[in-house]
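Every chain is numbered from 1 and lettered A, B, ... according to where its sequence line falls, protein lines coming before strand lines.
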Amino acid sequence: MTMVCHRPEGLEQLEAQTNFTKRELQVLYRGFKNECPSGVVNEETFKQIYAQFFPHGDASTYAHYLFNAFDTTQTGSVKFEDFVTALSILLRGTVHEKLRWTFNLYDINKDGYINKEEMMDIVKAIYDMMGKYTYPVLKEDTPRQHVDVFFQKMDKNKDGIVTLDEFLESCQEDDNIMRSLQLFQNVM
Amino acid sequence: MAAGVAAWLPFARAAAIGWMPVANCPMPLAPADKNKRQDELIILNVSGRRFQTWRTTLERYPDTLLGSTEKEFFFNEETKEYFFDRDPEVFRCVLNFYRTGKLHYPRYECISAYDDELAFYGILPEIIGDCCYEEYKDRKRENAERLMDDNDSENNQESMPSLSFRQTMWRAFENPHTSTLALVFYYVTGFFIAVSVITNVVETVPCGTVPGSKELPCGERYSVAFFCLDTACVMIFTVEYLLRLFAAPSRYRFIRSVMSIIDVVAIMPYYIGLVMTNNEDVSGAFVTLRVFRVFRIFKFSRHSQGLRILGYTLKSCASELGFLLFSLTMAIIIFATVMFYAEKGSSASKFTSIPASFWYTIVTMTTLGYGDMVPKTIAGKIFGSICSLSGVLVIALPVPVIVSNFSRIYHQNQRADKRRAQKKARLARIRVAKTGSSNAYLHSKRNGLLNEALELMGTPEEEHMGKTTSLIESQHHHLLHCLEKTTGLSYLVDDPLLSVRTSTIKNHEFIDEQMFEQNCMESMQNYPSTRSPSLSSHPGLTTTCCSRRSKKTTHLPNSNLPATRLRSMQELSTIHIQGSEQPSLTTSRSSLNLKADDGLRPNCKMSQITTAIISIPTPPALTPEGESRPPPASPGPNTNIPSVASNVVKVSAL
């Protein structure tokens with residue numbers, strides 16, 4: 001088994017491409033390299049890491065979708081550049097960029113549209129992370145209701161699918177969403 | 001939380017943005033990071049070795065010393081680093097734990113040192129990684145056994161005067177070295193066991209012919225003698241058993257123990273034989289019972305540790321032995337069956353049935369090969385050879401396991417014995433060192449006295465006599481001195497400078513009363529009652545304590561005199577030997593008072609030394625003062641002796 005060792009591009013390049021300072025990139029890389037000495041994260045590791053944050057539930061499905069969202073080139077492994085790019089968008093990007101990234105996350109098959117099944121999958125995955133022991137107990141059709149609410153809000157022309165523009169528009173109208181997007185400003 | 005989690009938390013929080021559009025309710029506020037520092041390097045100085053790491057690395061585990069604010073207690077302002085006065089080797093492992101999330105246990109490290117360090121840094125040993133956990137646990141178990149061993153032997157050696165008679169007896173039985181009586185008992189029982197076994201054996205030896213009858217075994221020829229011997233042995237064993245039963249702390253447990261069962265089985269046949277005499281029906285059974293007498297030989301296991309170890313090994317290897325037995329049985333049955341059918345055809349074959357073939361199979365598999373049953377057919381011979389070859393294998397397999405078990409237990413016991421033997425010597429050496437330190441105290445006292453005296457007299461020589469004691473030593477001595485003052489007693493330890501009389505007293509904690517009295521009486525002639533004890537005991541260091549006050553009090557009750565007496569005698573005699581040429585120093589302050597003898601005046605200088613020593617605080621003033629005072633209303637020396645004897649104060653040294 002050959003050791004796949006990937007080294008990221010230079011620090012200056014990354015600094016130019018992302019919204020992070022050199023120091024922040026250093027800190028990020030140290031953490032990344034510590035966990036993944038080979039320089040890449042594969043899906044298994046990704047799932048394990050994410051599962052540690054949600055010990056009560058099953059985070060593997062959502063982690064799978066997240067991984068796909070990070071792995072922009074669909075190679076099956078996330079390199080440090082991909083990692084940092086995504087983080088840059090999520091933490092330092094504009095609202096537009098963030099929403100676009102989220103849309104990409106929801107669009108599981110990356111066809112440019114979100115349909116009800118995809119949304120169901122996403123919502124189900126999120127509920128899975130909560131685990132069995134919740135209050136009130138999770139009922140069968142709660143995810144479905146949740147998706148219906150979502151579609152009612154997002155699907156402007158009621159054609160059963162949500163396009164990027166519809167999504168952007170609906171989100172920008174909702175104050176809650178706008179506010180919550182700014183929540184993780186100072187994570188780094 | 002593992003290291004991984006802490007490092008990836010920012011990422012997980014960022015990814016939570018993905019939930020936002022789906023959420024129906026508003027989100028809670030994020031916790032503010034007030035201490036928004038840039039990640040900085042911190043220096044950890046452990047006994048001179050500098051380790052550097054990021055602050056965030058340490059903060060991964062906030063419930064340990066390094067991860068919490070507790071480390072601020074170790075922050076050195078001048079050098080801007082955290083200084084720990086601990087072992088740098090173990091610290092390496094501790095720091096690696098923060099870095100990698102895995103705690104390793106280095107094999108070369110002592111287990112208790114490692115545990116101490118972990119406890120200091122607030123890390124639970126349970127998180128040691130799988131790679132090292134087994135080793136850690138093994139070492140920990142060994143250490144615990146050793147501690148238990150030490151505790152046991154300590155308990156055995158402690159003289160607990162409050163033991164009841166029953167408890168002393170039990171201790172004597174279990175541990176023959178506790179007293180001479182126990183040792184005697186031990187050897188006597190051992191002797192009788194040997195006698196009993198030998199008589200059992202000799203009983204059956206043919207003893208020469210009595211004219212007119214055939215050869216008889218000795219047992220029948222000298223039946224009376226043997227019977228007496230047997231009776232004597234059984235008496236002893238019965239008495240021993242009853243005594244043990246009486247002394248046992250838990251009689252029920254004692255009765256159930258293996259040794260007691262052996263004891264019972266050893267003496268039962270005799271009593272049963274007494275009870276049923278010459279009853280034809282049961283005499284056969286009675287003869288069988290006599291076989292049980294051989295169990296007396298197992299009583300030797302109380303006397304031999306090796307036997308006990310063997311028994312313990314067999315017990316602990318029970319599963320291996322069981323497997324051996326099982327596999328042997330399987331093989332025996334298989335081969336016996338095969339041999340039976342193979343030899344069925346041959347005429348006059350000894351293999352009459354399968355059980356009869358068992359004998360052949362066992363003899364062959366254990367490679368005994370008596371030759372009383374041999375296969376005659378070709379098939380029989382083939383299978384017979386296969387049988388003997390496989391026998392070797394089947395027996396050879398479990399035996400090494402048993403042997404290694406025995407070896408491990410035996411070595412463990414040997415180590416325990418060695419430790420116990422070494423412990424005595426070790427403790428003796430530690431005791432010597434301890435008494436050395438208390439000697440140092442008294443030496444320093446005397447040296448302090450000498451120093452003061454010589455300073456006062458202005459003699460330049462021998463000023464260097466007093467050793468310069470370190471600050472800690474002097475503080476320690478001051479502490480001991482304060483204790484002396486508090487209790488009004490003083491430490492008595494053999495002083496090599498004392499005269500020959502007292503030199504026979506070794507490093508005792510207590511001075512033998514007789515010697516003490518002897519000393520008192522002998523010295524009484526020379527040193528009649530002196531002044532206040534407190535004055536006489538001051539070294540140069542503690543002049544403030546009680547000296548000034550008691551300077552005035554010259555009349556003291558007799559009860560205080562004895563303690564002083566020996567001390568002052570010690571001191572006086574010290575000075576006597578070192579300072580003066582005169583063999584008989586009969587002067588003291590009170591003697592000056594008592595006998596206003598002009599003949600003593602020329603000795604003033606000497607007596608000045610003496611008195612100066614006694615009354616350190618204000619030596620010059622005191623002497624004339626003492627002289628002018630009326631003599632204390634004290635009776636003559638001789639009458640003091642009884643009171644001295646009765647008021648003997650014994651104090652133990654450190």
Residues in residues 108-120 of chain A that sit under 4.5 Å from chain B, counting heavy atoms only: A:M119
Residue A:F46 versus chain B: region with a heavy atom under 4.5 Å: side chain
Show me the donor-acceptor pairs within less than 3.5 Å that the side chains of residues 118-131 of chain B make with the rest of the protein, sequence neighbours left out.
none

Residues B:N45 and B:E81: side-chain donor-acceptor under 3.5 angstrom: yes
B:L41 and B:I43, any side-chain heavy atoms less than 4.5 Å apart: no
Any residue of residues 165-182 of chain A which, by heavy atoms, sits under 4.5 Å from chain B: A:F167, A:C171, A:N176, A:I177, A:S180, A:L181
Part of A:V84 within contact of chain B (heavy atom distance under 4.5 Å): neither
Side-chain touch B:M20/A:T102, heavy atoms, less than 4.5 angstrom: no
Stepwise side chain to side chain donor-acceptor pair (under 3.5 Å) test for B:Y98 and B:T64: CA-CA 10 Å; B:Y98 285 92; B:T64 58; 2.5 Å; yes
Contact check, side chains of B:Y136 and B:K140, non-hydrogen atoms, under 4.5 Å: yes
A:T85 and A:D82: CA distance, side-chain angles, deciding distance, side chain to side chain donor-acceptor pair (under 3.5 Å) verdict: CA-CA 5 Å; A:T85 317; A:D82 305 330; 5.3 Å; no
Heavy-atom pair count under 4.5 Å with chain B, highest-scoring of A:H146, A:Q48, A:K153, A:K98: A:H146
Residue pair B:E72 / B:Y82, side-chain donor-acceptor N/O under 3.5 Å: yes
Side-chain heavy atoms of A:L14 within contact of A:F80, under 4.5 Å: yes
Flag for B:Y114-B:R139: side-chain donor and acceptor within less than 3.5 Å: no
B:T79 versus B:N76, side-chain donor and acceptor atoms under 3.5 Å: yes
Residue-level contacts of residues 56-76 of chain A with chain B, using a heavy-atom cutoff under 4.5 Å: A:Y62, A:L66, A:F70
Mutual orientation of the aromatic rings belonging to B:F74 and B:F84 [parallel < 30°, tilted 30-60°, perpendicular > 60°]: tilted
Beyond-backbone contact of A:L11 with A:Q26, side-chain heavy atoms, under 4.5 angstrom: yes
Distance-only side-chain donor-acceptor flag, B:Y410 / B:T313, under 3.5 Å: no
